[in-house]
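Accompanying notes for the structure given below.
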Amino acid sequence: MKQVFQDARNAEVTVVEVPAPKLLAGCVLVRTAASLVSAGTDRASSEFASKNLLQKARMRPDLVRDVLSRIGRDGLLATVSTVRSRLDQPSALGYSSAGTVVAVGEGVSDINPGDRVACAGAGHAVHAEFACVPRLLVARISSDAISFDEAAFTTLGAVALHGVRNADVKLGDIVAVIGLGLLGQLTVQILKAAGCCVVGMDISEERAQLALRLGADAVSISSSAFQDLCLQHSGRNGADAVIIAAQTASNDPVDLAGAVARNRAVVVAVGTVAMEIPRRFFYEKELDFRVSRSYGPGRYDSAYEQKGIDYPIGYVRWTETRNMEAFLKLLADRKLDLHPLITHRFPIARAHSAYDLITGKTREAFLGVLIAYPELADDTRQIEMSGPDRPSPSDRSIRIGLLGAGNFATSTLLPAIKRVGGVEMVVASAANGSHARRAAEKFGFRSCTTDDEMILDNPDVNTVVITTRHQLHAAQVTAALRFGKNVFCEKPPCLNETELSRIVAAHDDQTSPRRLLMVGFNRRFAPLAVRLKSFLQDVREPLALHYRVNAGFLPPDHWLNDPLQGGGRLLGEVCHFVDFLCFLTRSSPVEVETRSLPNPGQYSNDNIACSLRFADGSHGTISYLANGDKSFSKERIEVFGGGSVAVLEDFRRLELVRGGKKRVFRSLLRQDKGHRGEWEAFATAIQTGAESPIPFREVVSTMLATFALEQSRCLGQPVAVPSSMKDVPRDDNAPDASGLDRAS
């Protein structure tokens, strides 16, 4: 299918062939008929992307501070690599569209294939021939009288409608609208449908006259005349409410709003404007200034938008979904006239022309700009990539199928794999077709897809690399093993004992030749970690180890903090550090205890102190903290034992002390956490037929200890760690997260 993207480096807009998106649970798959180009949001994005790095830095000093702190913590080369990777990922454009549902995901019962719908949301209602959209970002078009062109305005219409609701206007109110672009024109018509008297102002005579034709009671193109009109229509009192629908870096609209508003009126900022509140008018009139947040309640709430958890109508009458439905009802009742607002229409193949228009390159006046799509679009979920002919694979060659092409895969893991060499990139898969294609282009995959079966059932793939979100790992690991593939899975391999038992069963049930299962516990392969382990080799007594992790704050709604998606930071990240302590001690934990710092509501149970007692008598502690400063070093490991001391600082500096002598080893330019080393070891094992570089029993032991740490956190007491899966109760009826277990 075709989709529109923007280059983050130079703002170039291109139309690219990508695989059609995967249909996810709680979502609907829509064949797009029309989408709206936002002159405000899209133009602002284009203008930012077109600036050079210095100009971007001036506009976003917060990002500059983040980059500088990363350089100090991770090293220059690692930081440059991360920044380049993010700039290489193009942005998917669009957030308001309409089309026909072709399929519905699991859990969607009130939308059916064939329904005509309006869609919302950046990253969902994109400019593409097909889109996978969460249910609560979809509104059914109930009337055949509404065209797809009209319905494509629904998202912006919901923005305007939410602004009107925030103004708390009533029948007969005098409302001033500042800015008569597309958003302002919609606002004027909605206000008239609500029975208000509307006075509009815009610096463009053409737009002011259009608003007058579409129902405004009076318009002006000058501030002074606008103030006079507001006084004339309000009995010299001023406007009951002022809605700012302009987009400008100037503070003039806010100043003007204060001047035209009556005593104790409401001023609502819907457009993007400067907000330096002038004290004189706002104090003397005791004005109420409100900022309207997008389409309405539910916006930016992942539980609402991604998980489909609606707000009860008795408590939240107008959510973003219900605002979309209300806008469509206004269209069905012919209370709004959108046809005069449509000034341009481009086929998707010429979408770049739409962006040349809104960014001013063509110097042509515009208002509503639509992208149109063919009725018969290509919905294939796999695309073959062009490239040089590949040599015939040997029995020991490593032929990779990638599941998941997010930031970690493209910025860290795949570059490490490419540096190792001796591998062939066969298929890259991701739920998002653009991510799959970008990974395929950048790292030389033969094809890209949004269908995992194209990897699992592909005889050319003998090694599956899994970098999806955590809740998918267990099912994908078991499926890949049962399809006879070697498996590399990023940590954690699973989120509970039941999933772990399934992995153990799939691993142990293999017939000859057995395939390898490797988990991405990369730190044990870091060059300084290997040197540290060698230093401890001669110690013949239990060790005392302390691992401090300055993890940094993550918002509570981050996917990693979601128990269902990420498992929480203890399961999702602390397993890394448990494995590293097991690696250094050459032993397994037998008892663990976790204590949490009091949670003031800001954190997500991610300030924890973990204690681990090992079978050989060693004792380790892990302090995992989210309440520190990210500019400080992230990880520090201290080891004491046998008259020796070792300190590893952020995998960039290792200090070894024994017999009064100190040796210091440094990695100055690039922090190396072992991603390349783990792949060198894994590749060698595949090619030579050796065992996995991390013995499977150690993976199981690490995960059992991590689950015990989480159990201890919940119980508030020490917990014994099962010595093997035989000691763990098994629930064969537990649901499988991804549905891939059908491979069995």
Side-chain angles (χ1 to χ4, degrees), residues 19 21-27 29 105-107 123 132 134 302 306-308 381 400-410 412-414 427-436 439 448-458 461 463-483 485-507 515 517-521 558-573 575-576 699 703 706-707 734-744:
K22 179 180 181 179
L23 175 60
L24 303 176
C27 298
L29 188 63
E106 180 183 352
C132 179
S302 59
Q306 305 301 325
K307 297 181 181 179
R381 292 180 57 191
I400 290 177
L402 176 71
L403 293 177
N407 185 59
F408 171 78
T410 56
T412 303
L413 188 60
L414 289 174
V427 187
S429 176
N432 186 312
S434 65
H435 289 176
C448 58
T449 182
T450 55
D451 185 354
D452 294 349
E453 295 290 340
M454 296 294 180
I455 288 177
L456 297 174
D457 204 24
N458 188 335
V461 172
T463 303
V464 175
V465 177
I466 299 171
T467 59
T468 51
R469 288 192 176 181
H470 298 168
Q471 84 275 17
L472 301 176
H473 287 184
Q476 290 173 335
V477 167
T478 55
L481 287 173
R482 288 170 176 160
F483 271 98
K485 313 293 185 184
N486 298 304
V487 180
F488 177 93
C489 180
E490 252 312 301
K491 58 80 193 167
C494 53
L495 293 179
N496 54 57
E497 289 91 343
T498 299
E499 292 181 344
L500 182 59
S501 70
R502 288 176 176 155
I503 293 175
V504 171
H507 179 270
R515 298 301 183 181
L517 170 58
M518 174 81 162
V519 176
F521 293 135
H558 189 280
W559 72 267
L560 187 57
N561 284 324
D562 183 340
L564 297 180
Q565 290 192 62
R569 299 183 84 177
L570 195 158
L571 294 181
E573 293 188 347
C575 60
H576 250 320
V699 172
M703 293 313 301
T706 305
F707 297 144
D736 190 289
S738 77
L740 282 175
D741 217 28
R742 62 183 179 274
S744 60

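For the single chain, residues carry numbers from 1 onward in sequence order.
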Spatial distance of atom [atom1] ([X]) from atom [atom2] ([Y]) [nearest 0.5 Å]:
X    : Y    : atom1 : atom2 : result
Q565 : H558 : CD    : NE2   : 10.0 Å
T450 : R381 : OG1   : CZ    : 4.0 Å
I466 : L472 : CD1   : CG    : 9.5 Å
D451 : L23  : CG    : CG    : 11.5 Å
F488 : L402 : CZ    : CG    : 11.0 Å
Q476 : T468 : CD    : OG1   : 3.5 Å

Please report the shortest heavy-atom distance between [X] and [Y], naming the atom on each side.
X    : Y    : result
P563 : L495 : O-CD1, 4.3 Å
M703 : P493 : SD-CD, 3.6 Å
K491 : G572 : NZ-O, 2.7 Å
I503 : L481 : O-CD1, 4.4 Å
A506 : R482 : CB-NE, 3.8 Å
P492 : C575 : CB-SG, 4.0 Å

Which residues pass the ring pair (Phe, Tyr, Trp, His ring centres under 6.0 Å) test with H435, not counting sequence neighbours?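 Partners of H435 by the ring pair (Phe, Tyr, Trp, His ring centres under 6.0 Å) criterion come out as none, since no residue qualifies.
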
How about [X] and [Y]: do any of their side-chain heavy atoms sit closer than 4.5 Å?
X    : Y    : value
L517 : V699 : no
L500 : F707 : yes
V461 : F483 : no
T478 : E499 : no

Only counting residues at least two apart or in another chain, list the ones meeting side chain to side chain donor-acceptor pair (under 3.5 Å) with [X].
X    : result
T449 : none
T467 : none
S429 : D452
Q306 : H124

With sequence neighbours left out, write down each residue that passes salt bridge (charged side-chain N to carboxylate O under 4.0 Å, His left out) with K307, or none if nothing qualifies.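 Result, salt bridge (charged side-chain N to carboxylate O under 4.0 Å, His left out) vs K307: D562.
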
Those residues that, when tested against R569, pass salt bridge (charged side-chain N to carboxylate O under 4.0 Å, His left out) (two or more places apart):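 Residues passing salt bridge (charged side-chain N to carboxylate O under 4.0 Å, His left out) with R569: E573, D606.
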
Mind checking side-chain contact (heavy atoms from CB on, under 4.5 Å) for L24 and listing every partner two or more places apart, or none if nothing turns up?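 With sequence neighbours excluded, L24 shows a side-chain contact (heavy atoms from CB on, under 4.5 Å) to K22, C27, C132, A431, given in chain and number order.
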
